[in-house]
2 protein chains.
Amino acid sequence: MPNITLKDVAKVAGVSYATVSRALSGSSEIGEDTRKRIQKICEEMGYTPNSIARSMVMKRTNIIGLIVASIDNPFMSELTTNIEIYARQKGYNLMVCNSSYDTGLEKEVFSLLKGRQVDGIIILPASNESYDMLKPIMSDIPTVFISENMQDLPESYVAVDNRQGTGLAVEYLHSLGHSKILYFGCRHGSITHQLRLEGYQSACMRLGITPNVLYSPYQRSSLEVGYRLGKEYFSGQHEDTALICASDTLAIGAVQAGYEAGISFPEDLSIVGFDNISFSSLPPINLTTIDQPKQKMAESAVNLLLSRITDPEASHSREILPASLIVRGSCRPLSVQNPN
Amino acid sequence: MPNITLKDVAKVAGVSYATVSRALSGSSEIGEDTRKRIQKICEEMGYTPNSIARSMVMKRTNIIGLIVASIDNPFMSELTTNIEIYARQKGYNLMVCNSSYDTGLEKEVFSLLKGRQVDGIIILPASNESYDMLKPIMSDIPTVFISENMQDLPESYVAVDNRQGTGLAVEYLHSLGHSKILYFGCRHGSITHQLRLEGYQSACMRLGITPNVLYSPYQRSSLEVGYRLGKEYFSGQHEDTALICASDTLAIGAVQAGYEAGISFPEDLSIVGFDNISFSSLPPINLTTIDQPKQKMAESAVNLLLSRITDPEASHSREILPASLIVRGSCRPLSVQNPN
DNA sequence: GATTTGAACGGAAACGTTTTCGTAAACCGT
DNA sequence: ACGGTTTACGAAAACGTTTCCGTTCAAATC
């Protein structure tokens with residue numbers, strides 16, 4: 001009933017427990033025959049090494065802390081899945097915490113994870129104030145930010161090229177003949193959304209399009225924001241032929257508001273989202289959108305973190321991954337009446 | 001640079017490290033004045049206790065292992081979020097692993113978590129073979145199953161009342177005047193789906209409705225299954241007025257197939273899903289469905305596990321939580337032509 | 001054949017806590 | 001003032017590993 005330890009195995013095998021440790025760790029300081037014998041005994045006794053004790057002496061837990069704003073956000077859960085799978089493949093387990101978009105809580109769980117002696121932390125920040133909050137306590141533990149562009153801050157991060165992303169969207173719509181392209185954005189205080197807006201604006205400039213932005217003062221869920229922005233827009237004058245939304249959920253909310261106002265997509269209005277969450281591909285939605293390469297982001301983040309763990313003194317590195325356009329059914333060429 | 005330990009604090013405070021430990025643990029064996037003094041010193045030195053070392057001696061990690069088939073499944077991610085939040089509230093952290101619906105991998109991560117000395121494991125099983133696979137290795141660690149009904153197996157689990165759930169759906173449709181109610185199911189090998197089917201069938205019997213079931217031989221994603229079942233059904237004769245799907249994603253897939261066949265919902269066909277994933281409430285979908293009480297399930301699972309941790313010898317307990325009907329816009333009364 | 005070398009293994013320290021036990025001083029009642 | 005109880009604290013063991021340092025013994029070297 002009491003768990004089997006190295007000592008128990010050593011006693012049965014008639015060797016010191018140093019030898020058992022060597023037999024299992026793949027050390028060269030041991031005879032091939034005794035290694036085989038000890039391994040067999042371990043099998044028979046059902047011995048599993050205690051990683052806590054190992055961590056104690058090795059000063060490494062092989063655990064990565066992951067802090068996300070909300071696990072059940074579709075984008076974040078996809079990211080989380082990819083991170084977990086890749087990390088495990090690299091020999092690390094994941095300790096996951098929700099910050100619930102609360103920077104106070106975020107700081108709290110950050111300390112908690114530090115106390116847990118995780119080797120490093122990947123964080124999808126709750127807001128753009130996260131950095132300032134975390135700064136004083138993140139000095140002595142490898143940390144990489146994910147999904148949020150930290151600009152010139154002296155930190156490691158991996159993010160998608162948000163500016164290029166919305167640029168792609170504008171270019172695509174322009175190539176379909178659209179010139180009146182509205183943008184739905186949300187404040188959110190995040191640099192990510194700032195960059196997406198800038199990408200939209202500069203692409204418009206480049207292509208001779210007059211930017212037209214509708215910002216949200218609301219702070220609630222992105223879905224609701226899209227719905228309310230849509231309500232507001234569709235109730236007044238509207239002559240745009242296309243709409244770019246700062247996120248897929250924003251787009252889906254806007255679509256609903258459009259439905260209720262008698263607007264059809266893409267017949268009356270073309271729409272493109274951002275993120276490419278899995279639900280956007282669902283038939284009833286079928287949203288043309290800008291993809292964030294979630295798997296690559298996950299792997300880059302883990303790799304970045306691992307390299308910081310092995311060499312904490314290395315200079316910070318940033319990885320900005322390219323966004324790509326996913327064409328589905330929510331946009332139509334302006335000159336043609338019915339697509340497909 | 002080397003982390004601050006109890007000893008360092010003790011040296012500064014001029015006391016033994018036992019005293020420091022007592023000062024922080026809220027022990028009564030210490031003077032109020034020295035406690036204050038030591039706590040202040042800890043603050044100043046930025047001391048954070050090493051939970052690894054604590055776990056070592058306490059033989060408790062305050063970590064719960066969570067194994068889910070796929071974190072990015074909407075239902076599971078909602079469950080995961082709720083589990084994490086509630087567990088942390090109870091002083092536990094979560095170590096999360098994906099089984100990717102692979103019972104082999106599931107067993108592997110189960111052992112891995114055991115080696116990590118987690119205090120207990122919550123598992124959302126990959127298939128109905130999970131139990132047999134896990135049985136030999138789960139004897140010495142508290143485990144509770146979630147979301148999957150383990151029937152009379154000698155294990156602790158919490159699940160929704162699947163039978164009652166589909167029963168509710170049938171009753172609701174019946175109350176709207178429907179009598180030709182089709183059921184879309186998927187094999188999946190899971191007891192959950194078996195129970196949902198049974199609930200449908202027995203409610204039909206009770207209400208004098210002839211059950212009509214379409215099963216899927218496909219094994220892929222639920223969304224695709226729904227789509228293919230729909231394709232198959234709508235291409236032939238179809239005279240049903242309502243459709244119950246074994247899951248929301250199944251329903252959404254079916255809806256798409258319906259669209260493509262020129263069917264409108266709910267005008268031509270009423271449809272009810274199961275699970276109440278958050279996306280079902282999205283306007284373009286707006287699916288009437290059967291809710292699984294995810295938060296309650298999460299909390300029950302944690303509570304069950306915690307009680308098993310404190311008393312591993314206690315007999316197993318099962319919790320079957322009631323399902324409830326969420327009425328949205330995907331069903332209409334049969335006698336009326338246009339709802340709303 | 002004596003010395004060196006190297007392999008194979010044992011002994012023991014170390015990791016940072018918690019907790020038991022011991023002990024000195026302070027306190028109490030009589 | 002004295003024995004006894006309580007209070008506050010120190011010393012040290014324990015948790016299960018890894019690893020450094022010795023030690024032994026056989027093989028290799030001269």
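The chains referred to below are lettered A, B, ... by the order of the sequence lines, with proteins before strands, and numbering in each begins at 1.
- With no hydrogens or angles considered, no side-chain donor-acceptor pair links B:N93 and B:R88 at under 3.5 Å.
- For the residue pair B:S77 / B:T80, no side-chain donor-acceptor distance below 3.5 Å is found, with atom types taken as modelled.
- Considering only residues two or more places apart in sequence or on other chains, B:A13 meets the side chain to side chain contact (heavy atoms under 4.5 Å, CB included) condition with B:V15, B:R37, B:I38, B:I41.
- Residues of residues 39-48 of chain B having a heavy atom closer than 4.0 Å to DNA chain D: none are found.
- Between A:D8 and A:Y47, the side chains place no donor N or O within less than 3.5 Å of an acceptor N or O (distance only, hydrogens not considered).
- Residue A:I38 contributes atom CD1, which lies 11 Å from atom C1' of C:dA8 at whole-angstrom precision.
- A:E43 CD: 12 or fewer foreign heavy atoms inside a 6.0 Å radius.
- Summarising the geometry, the separation between CG on B:N3 and P on C:dG16 is reported as 8 Å, rounded to the nearest angstrom.
- With A:I122 as reference, A:I83 is the one residue of A:I67, A:I83, A:L79, A:L304 to meet the side chain to side chain contact (heavy atoms under 4.5 Å, CB included) rule.
- A donor and an acceptor atom, one from each side chain of A:S100 and A:D102, are nowhere located under 3.5 Å apart.
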Quick one: which protein N/O atoms are closer than 3.5 Å to N/O atoms of nucleotides 9-12 of chain D? Pair and distance per line, please.
{"residue": "D:dC9", "atom": "OP1", "partner": "B:T34", "partner atom": "OG1", "Å": "3.4"}
{"residue": "D:dC9", "atom": "OP2", "partner": "B:G31", "partner atom": "N", "Å": "2.8"}
{"residue": "D:dC9", "atom": "OP2", "partner": "B:T34", "partner atom": "OG1", "Å": "2.9"}
{"residue": "D:dC9", "atom": "N4", "partner": "B:E29", "partner atom": "OE1", "Å": "3.4"}
{"residue": "D:dG10", "atom": "OP1", "partner": "B:S16", "partner atom": "N", "Å": "3.1"}
{"residue": "D:dG10", "atom": "OP2", "partner": "B:S16", "partner atom": "N", "Å": "2.9"}
{"residue": "D:dG10", "atom": "OP2", "partner": "B:S16", "partner atom": "OG", "Å": "2.9"}
{"residue": "D:dG10", "atom": "OP2", "partner": "B:T19", "partner atom": "OG1", "Å": "2.1"}
{"residue": "D:dG10", "atom": "N7", "partner": "B:R22", "partner atom": "NH2", "Å": "2.9"}
{"residue": "D:dG10", "atom": "O6", "partner": "B:R22", "partner atom": "NH1", "Å": "3.3"}
{"residue": "D:dG10", "atom": "O6", "partner": "B:R22", "partner atom": "NH2", "Å": "3.2"}

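- The stretch residues 49-64 of chain A comes close to DNA chain D through A:P49, A:N50, A:A53, A:R54, A:M56, A:V57, A:M58, each having a heavy atom under 4.0 Å from the strand.
- Atom pair B:Q117:CD and D:dC15:C1' shows a separation of 11 Å (rounding to whole Å applied).
- To the nearest 0.5 angstrom, B:N50 atom CG is 5.5 Å from A:M56 atom CE.
- Distance CZ (B:R116) to P (D:dG16): 18 Å, rounded to an integer number of Å.
- The two residues A:P142 and A:L305 have their closest heavy-atom pair at O-CD1, 3.5 Å.
- Computed from C1' positions of five pairs at each end, the angle between the two local axes of the helix from C:dG1-D:dC30 to C:dT30-D:dA1 equals 40°, rounded to 10 degrees.
- Not counting sequence neighbours, the partners of B:T61 by the side chain to side chain contact (heavy atoms under 4.5 Å, CB included) test are A:I52, B:S55, B:I63, B:Q117, B:D119.
- Remark: C1' of C:dT18 and CG of B:L6 are 9 Å apart, rounded to the nearest angstrom.
- If you check every strand for non-hydrogen atoms under 4.0 Å, B:S21 touches a base.
- The closest side-chain donor-acceptor pair between B:E148 and B:T192 falls under 3.5 angstrom.
- In this model, no donor atom of one side chain and acceptor atom of the other lie less than 3.5 Å apart for A:T103 and A:E129.
- Salt bridge annotation for B:K296-B:E299: absent, with no cationic side-chain nitrogen under 4.0 angstrom from a carboxylate oxygen.
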